[in-house]
Each structure stands twice: as C-alpha cells, then as structure tokens.
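Naming: A, B, ... by sequence-line order, numbering from 1 per chain.
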Number of protein chains: 4
Amino acid sequence: MTTDDKAPRVLVAGFEPFENDPVNPAWEIARALEGWRCEGTVVQALQLPCVFGRSIHVLDAAMAGIAESGRPLPLVLCIGAAGGRTEISLERAALNVDDARIPDNAGYQPIDIEVEAGGPAAYFSTLPIKAMVRDMRAAGLPAAVSNSAGTFVCNHIFYALMHRLATRPMLAHTRGGFVHVPYLPEQAASRPGVASMALQTQVEAFRVAIRTALLVRDDVRETAGRLH
Amino acid sequence: MTTDDKAPRVLVAGFEPFENDPVNPAWEIARALEGWRCEGTVVQALQLPCVFGRSIHVLDAAMAGIAESGRPLPLVLCIGAAGGRTEISLERAALNVDDARIPDNAGYQPIDIEVEAGGPAAYFSTLPIKAMVRDMRAAGLPAAVSNSAGTFVCNHIFYALMHRLATRPMLAHTRGGFVHVPYLPEQAASRPGVASMALQTQVEAFRVAIRTALLVRDDVRETAGRLH
Amino acid sequence: MTTDDKAPRVLVAGFEPFENDPVNPAWEIARALEGWRCEGTVVQALQLPCVFGRSIHVLDAAMAGIAESGRPLPLVLCIGAAGGRTEISLERAALNVDDARIPDNAGYQPIDIEVEAGGPAAYFSTLPIKAMVRDMRAAGLPAAVSNSAGTFVCNHIFYALMHRLATRPMLAHTRGGFVHVPYLPEQAASRPGVASMALQTQVEAFRVAIRTALLVRDDVRETAGRLH
Amino acid sequence: MTTDDKAPRVLVAGFEPFENDPVNPAWEIARALEGWRCEGTVVQALQLPCVFGRSIHVLDAAMAGIAESGRPLPLVLCIGAAGGRTEISLERAALNVDDARIPDNAGYQPIDIEVEAGGPAAYFSTLPIKAMVRDMRAAGLPAAVSNSAGTFVCNHIFYALMHRLATRPMLAHTRGGFVHVPYLPEQAASRPGVASMALQTQVEAFRVAIRTALLVRDDVRETAGRLH
C-alpha cells in the first residue's frame with residue numbers, strides 16, 4: 001500500500017497457508033481486495049502467520065502503523081480457511097482458549113491455554129453479522145452466521161483482536177470480527193467430497209460484506225440461531 | 001425420589017419433548033438414572049420445560065430444594081437433544097445470547113437477547129469434559145467435546161446454570177455443565193439419514209461420565225480442539 | 001447348527017472384520033441370529049471372508065450344503081458394514097464391477113474387473129426391500145433403501161449371489177439381497193463424528209426384516225427414490 | 001446453432017429448472033458451451049425437459065437431426081443438477097428403474113417402473129470417466145466418479161441414452177454418459193449449509209472433461225471405488 005492518501009483504512013488480514021497446503025483462500029481474498037475503495041475507505045491487506053502469538057503481534061503492528069499515520073480505522077476483518085465449510089461464515093463469538101488439534105506453523109500446539117490470561121471467557125463480534133449475511137445472500141452469495149470459530153489460530157486471533165478493540169482507547173471506534181471461508185476449488189480437487197468456492201465468488205462476497213459493515217450501524221434482528 | 005437418606009445429590013436435568021416429537025432422549029436418560037448410586041451420591045432426575053426463562057426457574061427450584069434438605073450437590077448435568085449428532089457431546093462453553101430459530105414450547109422466540117442482562121459473554125463448563133470423553137470412549141461409547149451448544153433453550157439453560165454456579169455462594173462447590181445427546185432410534189426411524197443412539201447406550205455413557213465427573217478434579221490435558 | 005430338523009433355512013451371511021477392525025457388525029448380527037426360528041424357518045449363520053472370489057466360494061458351499069440336506073432355502077441375506085451410514089440400508093442393485101479402493105483381506109485389489117465375466121451389468125435385489133424398510137421404520141428402527149452397494153467386496157458378493165439365484169435351477173425359489181449396516185458404538189468410539197447403532201438395535205431390525213421378507217411376496221409400491 | 005459446417009458434433013444436453021428453482025446449472029453449462037470447438041468437433045447444446053419420457057424424445061430428436069445432417073456424433077453428454085454435491089460427478093452406471101421421490105415437471109411420479117420394458121438391469125457409461133476425473137483434478141477442478149445417478153429423471157435419461165447407444169446401429173460410434181453437477185452459488189445462497197460451484201468453474205471442468213472424452217479411447221485403470 002504505497003498510496004499516501006488519508007482515507008480511512010479497512011484492514012483485511014488473511015492467514016498464510018498451513019498444514020502442507022500451498023495456498024490459503026484467506027490470504028488470496030485479502031490480497032485481491034488490497035486497495036479496493038468502498039464508501040470512502042481503502043482496503044489494506046495484511047498476511048498473518050499461522051502461529052499462536054506471532055499472528056497477533058503482526059496484527060498489532062499493522063493497527064499501530066495505521067494509527068500512527070493518522071488515518072481512521074473503522075473496520076478490521078480477519079479471515080481464515082475452514083476446510084469443508086460450504087459458505088462464507090461470519091463468526092459470532094471468540095472463546096478465551098487455545099486448544100490445538102495440530103501444531104501451528106511454528107510447531108507450537110497449546111492445549112487448553114487462555115488466549116489472554118485473565119480475559120473474559122468470550123467476546124462477541126462487533127460486526128453487523130446478520131445484516132452482512134442478509135446482504136450476501138441477497139446478492140446470490142452463500143453465507144451464514146457461525147457459532148464457533150474453533151479453538152485453533154483462527155479463534156486465537158479473533159479473541160485477541162476483540163480483546164484489543166474492547167480494551168484499547170485508540171481502537172474504541174474500530175469494529176472487528178472474524179470470517180471463516182471455504183476451500184478454493186484447487187484445494188478441493190485433491191480432497192474428494194470436500195466443498196469449495198471460487199476465489200472470484202469469495203471476493204465478491206467480501207465486497208458486499210465490507211460495504212454492509214461500513215454502512216449498517218445497528219445489526220438487524222433476524223434469527224441466525226441454531227438449535228444445537 | 002422418596003429416599004430420605006442424606007447422600008449427596010447429582011442433579012440430572014433433561015428437557016421435555018419439543019417440536020412435535022413425542023419423546024426426548026434427554027428426559028429419558030435423566031429418568032433412567034433416577035436413584036442411581038455412584039461414588040456415594042444419588043442421582044435425582046428433573047424434567048425441564050423447553051421454554052426460555054421457565055426452564056431455569058424449574059432448575060432453580062430443584063437446586064434450592066436440595067440445598068434446603070441439607071444435602072450436598074456436587075454435580076449438576078443438564079441434557080438436551082441435538083438431532084443429527086452421532087455421539088454424546090460435552091459442551092465446552094455457553095454464550096450469553098438467546099437466538100431462536102423456532103419458537104419454544106410456550107411460543108416464545110427471542111432473537112439476540114442476553115440470557116442474563118449484563119452477564120459475561122460466556123461461561124466455560126466446570127466439568128472435566130476431556131476426562132469424561134476419554135473414559136466414555138475407553139468404554140466403547142461414542143463421545144466428543146463440542147465447542148457450541150447453539151443459541152436455543154439448551155444454551156440458555158447451560159448459560160443460566162453456569163451463571164448461578166459462578167455467582168451464588170451456596171453453589172460454590174457445585175460443578176456443572178451441559179451435554180447434547182443424539183436422537184433415539186425411534187426418532188431417527190422417521191427421519192431418513194439421521195444418526196441415532198440406543199437409549200441403553202446413552203444411559204451407559206452417562207454412568208461412565210458421571211463417575212468420572214465425581215472422581216476427576218483437574219481435567220486432563222488432551223486436545224479436543226477443532227481447527228474451525 | 002446341530003439341529004437335524006428339516007425346517008427351511010434362512011441363510012444369513014456376514015463378513016469377517018477387515019481394515020484393522022477387530023469386529024464387524026455384519027458377522028455379529030449373523031451370529032446373534034443363528035438358530036432363530038421365524039415363520040417356520042430357522043436361521044443359519046455364515047461368516048464370509050472379506051476376500052474377492054473366496055467369499056463367494058464360501059457362500060456357494062453353504063448353499064450347496066443346505067441343498068444336499070434336502071432343506072428348502074427360501075431366503076439368503078448377505079450383510080456388510082458401511083462405516084458412516086446411520087441406518088440399516090437395503091441395497092437395490094448390484095453392479096458387475098470390482099473396483100477396490102483398498103486391498104481385501106488377502107491383499108487383492110481389483111480395479112474395474114467384472115464380477116462375472118460376460119454377466120449382465122447389474123442385478124436387482126429380489127427382496128421386498130420397500131416393505132422391509134416400511135416395517136423396520138414402523139417398529140422404530142432406522143432403515144432405508146440404498147441405490148449403491150459400492151464396488152468393493154460387498155457389491156462383489158451381492159452380484160455373485162444374485163447371479164447364482166438368477167441362473168441356477170436349484171436356487172430358482174430362493175430370494176436374496178444385500179444389507180449394509182452401520183458401525184457398532186465401540187467402533188465409532190475411536191472415530192469421532194461417525195454414526196453407529198447398537199448391536200441389539202441392529203439385530204432387532206433384522207428380525208423384523210427377515211419376517212417381512214418371508215411373508216411379503218410382492219413388494220409394496222412406495223417411493224424410496226433419490227433425485228441423484 | 002446456425003453454423004452449417006460439417007464438423008462432428010458433441011451433444012451436451014442439460015435439464016431445464018425443476019422443483020421451483022428459477023435456474024438449473026445443467027442447462028447453464030450446456031448453454032455456455034454451445035458452439036465451443038474442441039479437437040475438431042463443435043458443441044451443440046440442448047435443453048431437456050425435466051419430464052419422464054418427454055426428455056428422451058427431445059434427446060432422440062436432436063440425435064436424429066444430427067444424423068440427418070450427415071455430421072458424426074462422437075459424444076453425447078447429459079447433465080443434471082445434484083443439489084448438495086460438492087464436485088462434478090461422473091456417473092458410472094444407469095439403472096433400469098424410475099422411482100420418483102417428487103413429481104417431475106409434468107406432475108408424473110412413477111414408482112418402480114422400468115425405464116425400458118425388458119431392458120437390461122443397468123448400463124455402464126461408455127465415457128472414460130476415470131481419465132476425465134483425473135484430468136479435471138489435475139486442472140484444479142473438483143471431480144469424482146459416482147456409483148449412483150439416483151432414480152429420478154437424471155437416471156432415466158442416462159439409462160435411455162445408453163440403451164439407444166447400445167442398440168441403434170446409427171449410434172454405434174457414439175459414446176455417452178451422464179454428469180451430475182453441484183448447485184450454483186445463487187442457488188445455495190437460499191439453502192444454508194449446501195455446497196455450490198461457480199458456473200465458470202463448472203464450465204471450465206466440462207471443457208477439460210470433453211477434451212479428455214474425445215482423446216482417450218481406453219479408460220485408465222485407477223481406482224475410483226467406494227467401499228459401500
């Protein structure tokens with residue numbers, strides 16, 4: 001991002017590849033949105049390492065850099081891949097627990113450790129997730145609210161982000177949340193039976209979702225509940 | 001429960017049938033365990049109405065009755081049906097939100113309402129859920145940790161229970177949590193493709209789980225994490 | 001089977017364990033039904049090796065033995081495990097192809113070989129599969145018609161059986177078919193997320209299914225179709 | 001198709017919308033391929049009515065028209081939607097049975113009727129389905145062999161097509177088969193949890209598959225088997 005304009009930033013942070021995959025749709029989406037202008041803002045893309053701890057330091061540095069530049073930061077979206085999901089999933093809540101089924105990209109595998117020692121058990125997304133789902137669906141793009149972001153690095157960055165937004169004065173006007181995305185077709189091609197979504201479809205969904213997140217202040221009251 | 005002995009109580013509360021089903025495995029399990037003696041305790045079964053608000057009043061009354069009788073209450077297990085699940089699911093966390101996809105048995109359908117106004121975003125189960133899963137599996141009984149109890153009456157009672165255990169001095173020594181259970185075979189018989197588990201298998205799993213919950217103080221460090 | 005009575009036989013043949021599993025529900029069901037008397041017949045259990053070719057020789061020998069004893073053989077049911085299925089599955093058709101994703105218990109892995117060289121592309125089950133499903137469901141037992149028995153040893157024995165029933169005069173009055181069954185709970189206990197069914201539930205379902213197969217001549221016209 | 005050249009035709013027949021859906025990916029794919037030139041052939045698109053009987057008359061007329069024009073017809077591909085599938089599914093076999101779970105677009109719902117009275121129980125696809133799957137996957141496009149085309153209009157047209165290819169001298173040099181395809185994203189947008197695939201991805205997969213079908217004479221020996 002070399003532009004020196006003072007437009008507000010939308011920070012879109014996607015994870016790097018992990019678990020032997022050469023690609024991660026999360027980063028491909030972020031990269032594709034870099035520089036996109038929407039409702040007076042400009043998207044800034046950020047690649048996150050798939051590593052407990054280090055990922056949040058990278059996010060911290062990017063948020064600090066934007067603050068130092070004097071640009072407002074109305075929105076931070078973190079994105080992670082969720083192999084097997086069929087739709088763009090807006091996560092509702094982040095839990096204060098790291099419980100890794102596999103090691104992260106640095107070989108670290110925490111089990112039942114708090115993300116933030118002494119932090120609250122969970123944070124809710126501050127995005128208008130139901131309006132975002134409504135608008136993506138209206139545009140013909142598969143999307144849903146999800147009630148669990150898992151307990152791996154995705155939930156970790158989600159919780160750490162929301163903790164910062166809740167506790168740091170300089171981020172008092174920033175909304176944030178986490179989005180899980182399906183595999184790309186080329187990832188599913190070697191995994192029989194697994195769902196996927198074209199990159200172009202995913203990027204289009206994010207354009208709709210970001211616009212809604214910038215325009216809708218109070219989320220709509222539409223059920224996205226699950227019985228269990 | 002007519003026995004007047006002073007043995008500690010394990011309160012096992014299962015929901016009544018809902019959504020046009022004549023039976024609910026949750027209540028069938030609770031009923032089958034009524035009076036079962038385990039590690040010096042006696043199980044007391046309780047039927048919960050599938051109604052927001054009223055369910056927790058019924059649970060409150062039962063816990064108060066046990067307190068008044070002078071009996072210790074080391075353990076409270078709430079149980080609900082989760083149509084489609086294949087295994088006994090020990091829930092990890094309850095969220096402070098009611099978001100009902102369908103009306104409850106009283107016709108009430110809250111959307112994005114807090115379970116407890118001003119309460120924390122979530123509570124974690126205080127059961128040794130990983131040791132319980134480990135022991136059920138070792139006994140040949142399908143079980144798993146789940147990271148979402150949904151947003152219906154099951155999550156509602158789970159959150160309300162944990163809120164009471166966390167805030168009421170008289171319940172300071174009581175552990176509690178929520179367990180989702182599969183359909184019974186007779187429920188699956190009219191729902192092609194849906195998984196089920198025999199009542200006998202489910203009850204056997206609860207006997208193992210309750211014993212572990214009474215004996216294991218600190219949960220084991222075994223991953224039950226999910227990537228997403 | 002030591003009884004020397006001349007009652008007609010129902011041959012129930014279940015596969016031995018395979019793919020590192022210590023148990024196979026198919027054989028457990030057959031064994032549990034050994035000697036069961038139903039509508040004037042007696043069940044004779046047979047264990048099938050999970051081996052292309054050899055399995056049908058074992059079945060041939062058992063059918064020949066019954067013929068030599070002078071007892072009628074109105075019914076032959078072959079049973080195989082279908083890990084992941086949720087219900088008792090009555091197979092509709094057997095294909096004339098062996099296409100093995102893994103080696104059989106003898107290390108043989110045929111790919112796109114005919115079961116019977118020059119045989120027809122397929123045989124339909126001659127069981128009243130829809131009446132059987134109807135009656136199992138009415139008894140509260142999960143069951144369904146399946147349109148594919150796969151292409152492994154299960155489909156192999158199914159095709160070979162139907163080929164014999166269609167072409168051998170001595171078997172002109174014998175009906176036959178194949179049933180896929182879910183895992184047992186102890187198998188699912190080490191496979192998170194996989195469905196299972198208690199042995200007792202499975203055996204009960206077979207008692208209902210066998211009675212219907214003996215009593216219903218012309219199958220009922222109830223749809224069990226799938227769109228795809 | 002107004003071109004009057006004498007190039008061989010590849011007939012790609014896709015079903016019209018059904019069951020209240022305004023769109024059917026099967027027809028969208030066929031339409032998108034109309035006129036595409038591949039290995040000296042030209043694709044001719046055909047819309048099939050989703051009606052038992054009538055669909056095959058429409059296909060018959062199109063094949064007769066091509067024959068009358070003197071153009072060779074090396075390949076006929078029929079396409080149908082399979083809601084819920086995640087990948088392009090090459091069907092292995094067609095069964096001689098109509099068993100409709102819902103009425104077709106003309107309100108007809110046959111149950112256990114033969115597609116062709118007295119026809120063989122099944123036909124195998126004459127496409128090199130394994131080479132086609134291999135090449136689609138190598139191009140990063142999700143694809144698989146399927147062992148059941150269901151028992152609705154899709155299986156009906158598949159069986160009827162293969163019966164004609166097997167019995168009519170004028171079609172002796174024509175290969176044919178059936179392909180099930182996932183929903184489009186706009187269809188999945190109103191069906192939470194259901195998989196989809198972008199039209200562009202689907203069309204790209206068919207370009208690869210058609211080229212392979214034209215170039216590969218003898219199918220490869222690679223397992224695509226299923227255990228059940």
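- Nearest heavy atom pair, residue B/Leu95 against residue A/Ala122, reads CD2-CB, 4.5 Å.
- Only the backbone of A/Glu222 comes within less than 4.5 Å of a heavy atom of chain B; no side-chain atom from C-beta onward does.
- Of residues 158-187 of chain A, those residues with a non-hydrogen atom less than 4.5 Å from any non-hydrogen atom of chain B are, in numerical order, A/His180.
- Between the side chain of B/Thr223 and the backbone N or O of A/Ile111, no donor-acceptor pair lies under 3.5 Å.
- Of the listed residues (B/Arg221, B/Arg226, B/Arg92), just one forms a side-chain contact (heavy atoms from CB on, under 4.5 Å) with A/Asp99, and that residue is B/Arg92.
- Residues of residues 124-150 of chain A that come closer than 4.5 Å to chain B, counting heavy atoms only, are A/Phe124, A/Lys130, A/Asn147, A/Ser148, A/Ala149, A/Gly150, ordered by residue number.
- Against chain B, the residues from residues 73-89 of chain A that qualify, each with a non-hydrogen atom under 4.5 angstrom away, are A/Ala81, A/Ala82, A/Gly83, A/Arg85 in number order.
- Within 6.0 Å of the CZ atom in B/Arg207, the count of heavy atoms belonging to other residues, nucleotides or ligands exceeds 12.
- Judged as a side chain to side chain contact (heavy atoms under 4.5 Å, CB included), and not counting sequence neighbours, the contacts of B/Glu114 are B/Asn96, B/Ala117.
- For A/Asp112, the parts lying near chain B are the backbone and the side chain together; criterion is any non-hydrogen pair under 4.5 Å.
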